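Every heavy atom of this structure was used, including side-chain atoms; hydrogens, water molecules and symmetry mates were not. Everything numeric in this text was worked out from a predicted model, so none of it was measured.
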2 protein chains.
Amino acid sequence: MDTFTALAEPNRRRLLEAIRQEPCTVSMLVTRSDLSQPAVSKHLKHLREANLVVVKPDGQKRWYSLNPTPLEEMEEFLEPYRQLFLTRLDALEQHFDLTSRTETNEGD
Amino acid sequence: MDTFTALAEPNRRRLLEAIRQEPCTVSMLVTRSDLSQPAVSKHLKHLREANLVVVKPDGQKRWYSLNPTPLEEMEEFLEPYRQLFLTRLDALEQHFDLTSRTETNEGD
DNA sequence: CAGTTATATAACTATATAGATATATTTTTG
DNA sequence: CAAAAATATATCTATATAGTTATATAACTG
């Protein structure tokens, strides 16, 4: 599963947030979420497949820790958009307000 | 559809990339992608619902333009992880290599 | 060793989603 | 106005996904 798909699921984002703060076992995550144990294990499987977490067995416990590396892919995706946060809808307005309209007020 | 879900689909990311570069009509996007017209329209519907694009009708054409605002949500999500790109797996190593093990080599 | 704890997985159900084809709607054009 | 063009939508199919319950697999504990 790729990074974007893995993070599309809100519970998975929440699990990753928990793991980001400190390494967690499955049961810790079950307690801190409102998910069943199998549900947590399944989400962790996806996070593992996306390489967003790494597991360290410790007896019967599994410590899940964050691997932030794949998030750089999202950073790279966002990079070209970042400057646009400043200008917002300027591109749209430029493109159209210069073409035909003068002051016709067609609202959204 | 929320931002994360909208961007989980690779074709949708590609469409947004095209729209980012310049406002596009549907047929322009059909030409530039390898998607059918209905497929493009459907993806655009999702991008609209995620508020990632805005539409400006112009006769029978629809000009789709980028609205980068929802991407800030992703930025905010990534923000706490950003510093960790530097330290990578250090958190994991710290947590474990200091707890119990000395040199027991239990591989992954 | 028996029971319990921690985790993973299998089987199933319900829902969402992407794509295709066909069609409807609106606008343009001759 | 009739045909064509641009786009949206409806319907269908196939696939993916999240969740549940039940169970399997280890590891711990008294």
What is the minimum heavy-atom distance between A:Ala50 and A:Pro70, and which atoms define it? O-CG, 3.5 Å
So, do A:Ser33 and A:Val40 sit near enough that their side-chain heavy atoms are less than 4.5 Å apart? yes
In 5'-to-3' order, the base (B), backbone-only (S) or no-contact (-) status of each nucleotide in nucleotides 18-30 of chain C, using a 4.0 angstrom heavy-atom cut-off, is BBBBB----BS--
Side chain proximity check, B:Pro80 to A:Arg20, heavy atoms < 4.5 angstrom: yes
Could A:Arg82 and A:Glu76 be called an ion pair, given the rule that one side-chain N must be under 4.0 Å from one carboxylate O? no
Side-chain touch B:Glu22/B:Trp63, heavy atoms, less than 4.5 angstrom: no
Mind checking whether A:Leu35 and A:Val30 have side chains closer than 4.5 Å, heavy atoms only? no
Sub-4.5 Å side-chain heavy-atom contact between A:Met1 and A:Lys45: no
Candidate list B:Val26, B:Leu15, B:Leu52, test side-chain contact (heavy atoms from CB on, under 4.5 Å), partner B:Tyr64, passing option: B:Val26
Nucleotide interval of DNA chain D bounded by contacts with chain A (heavy-atom cut-off, under 4.0 Å): D:dT17 to D:dC28
Using a heavy-atom cut-off of under 4.0 Å over every strand shown, decide if B:Ser41 touches base, sugar-phosphate, or nothing. base
